[in-house]
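Heavy-atom basis, side chains included; hydrogens, waters and symmetry copies ignored.
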Amino acid sequence: MRAERDIQSDHGALIYDLPEDMEEATGLRSGDVILQINRVRVSTAEDLRRAFTATAGAGRNGMVRALGRLERTAFYVR
């Protein structure tokens with residue numbers, strides 16, 4: 001999967017299939033790989049779920065994702 005998507009990282013949670021309305025609401029896209037949430041490494045889908053749960057209502061959060069290159073973005077979880 002990493003080679004197919006030209007992902008250089010050996011960890012992360014792949015966003016496999018995200019409905020269009022969720023893509024618009026979050027800025028995430030199918031194929032994104034989430035590497036970090038608030039400087040905490042994400043290695044599995046369960047890590048990602050825990051990170052989103054922990055950030056709910058906490059205001060602005062930071063995310064690092066790979067889209068063939070690394071990109072840092074800010075996000076909010078209600």
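The line from CD1 of I34 to OG of S43 is 13.0 Å long, rounded to the nearest 0.5 Å. To the nearest 0.5 Å, atoms CD (E20) and CZ (R29) are separated by 9.0 Å. Interatomic distance, T44 OG1 to L14 CG, rounded to the nearest 0.5 Å: 12.5 Å.
Between A13 and V42 the shortest heavy-atom distance is CB-CG1, 3.8 Å. The two residues Q36 and R41 have their closest heavy-atom pair at CG-CA, 4.2 Å.
For R50, the salt bridge (Lys or Arg N to Asp or Glu O under 4.0 Å) test picks out E46, D47, with sequence neighbours left out.
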